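Okay, so here's the structure we're looking at.
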Amino acid sequence: MAIKGVFDINQEERWTILSKNLKNVVKGIKELSEEYQLEVVIMGTAVNGVRKDFKEAEGLVTLDELKELVEEGVVFAVCNNTMKKFDLKKEDLYDFIKIVPAGVIELMLKQQEGYSYIKP
């Protein structure tokens, strides 16, 4: 059985801690030789961390860090309600971003599927 975790981020200044948490979790699970499923649900101003037009700034994750995590199997999902609030389109985000109808509902669904909830 896979270890499953869903990470909740809704503030752009939380990207640094989230990135460190994710890297440590992936490393730790690999050391246990366990399979895993990890998803990050992105809402609010945290969406700035996955926008193509946003410059890398203090507190935001870099594109290279995101790609490294995607290569490790981490799924990044943005709340469609957040997209509407900030007038964003799918093309405004990195190609590997998944859009979900509502971030809070995605968190609830993942927890019902056995994912542990993590709020860094």
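As the structure is a prediction and not an experimental result, all values here were calculated from the model.
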- Within a strict 4.5 Å, meaning less than it, do heavy atoms of the F7 and V25 side chains meet? yes

- Item | Minimum heavy-atom distance G5-I118, with the two atoms named | CA-CD1, 4.2 Å

- Message: So, applying side chain to side chain contact (heavy atoms under 4.5 Å, CB included) with V40, which one of V61, L66, L18, I97 is it?
- Response: L18

- Closest non-hydrogen atoms of C79 and G103, given as atom of the first, atom of the second and distance, are SG-N, 3.2 Å

- Kindly determine whether E39 and K110 satisfy salt bridge (Lys or Arg N to Asp or Glu O under 4.0 Å), including the steps that lead there. CA-CA 9 Å; E39 181 171 317; K110 289 299 177 188; 3.5 Å; yes

- Query: Applying the 4.5 Å side-chain criterion to the ILVMFWY set and letting contacts propagate, would V50 and L88 be lumped into a single cluster?
  - Reply: yes

- L109 atom CG, neighbour heavy-atom count above 12 within 6.0 Å: yes

- Message: Here's a test for you: under side chain to side chain donor-acceptor pair (under 3.5 Å), which of K23, K30, K27 qualifies with E72?
- Response: K30

- Item | Verify same cluster id: M108, M43 (apolar side-chain graph, 4.5 Å) | yes

- Item | Residue pair D95 / K52, side-chain heavy-atom distance below 4.5 Å | yes

- Could you tell me whether the side chain of V41 reaches within less than 4.5 Å of the side chain of D8, counting heavy atoms only? no

- Message: Give me the atom names and distance for the closest heavy-atom approach of I42 to W15.
- Response: CD1-CH2, 3.8 Å

- Note on the structure: Smallest heavy-atom separation, V100 atom then A77 atom, equals CG1-CB, 3.9 Å

- Message: Has D92 got a side-chain atom pairing as donor or acceptor with K89's backbone, closer than 3.5 angstrom?
- Response: yes

- Could you tell me whether a side-chain N or O of K98 sits under 3.5 Å from a main-chain N or O of V75, the two making a donor and an acceptor? no

- Message: Tell me whether R14 contacts the main-chain N or O of P120 through its side chain, where contact means a donor paired with an acceptor under 3.5 Å.
- Response: yes

- Query: Side chains of I99 and L93: does their closest heavy-atom pair fall under 4.5 Å?
  - Reply: yes

- Item | Backbone of L107 reached by a side-chain donor or acceptor of Q111 within 3.5 Å | yes

- Query: Taking the side chain as C-beta and beyond, is there a heavy-atom pair between F96 and V74 under 4.5 Å?
  - Reply: no

- Query: Is the number of heavy atoms from other residues, nucleotides or ligands within 6.0 Å of NZ (K119) greater than 12?
  - Reply: yes

- Item | Non-hydrogen side-chain atoms of Y94 and V78 separated by less than 4.5 Å | no

- Near E35 CD, under 6.0 Å, is it more than 12 heavy atoms from other residues, nucleotides or ligands? no

- Message: Is there a continuous path of hydrophobic side-chain contacts, each under 4.5 Å between heavy atoms, that joins I29 to Y115?
- Response: no

- Taking everything shown except K20 itself, do over 12 heavy atoms lie less than 6.0 Å from its NZ? no

- Message: Please check this pair: side chain of T82 against backbone of G44, looking for a donor-acceptor N/O pair closer than 3.5 Å.
- Response: yes

- Determine, step by step, whether F86 and N48 satisfy the side-chain contact (heavy atoms from CB on, under 4.5 Å) criterion, reporting the C-alpha distance in whole Å, the side-chain angles of both residues, the deciding distance to 0.1 Å, and the verdict. CA-CA 10 Å; F86 292 102; N48 291 331; 5.7 Å; no

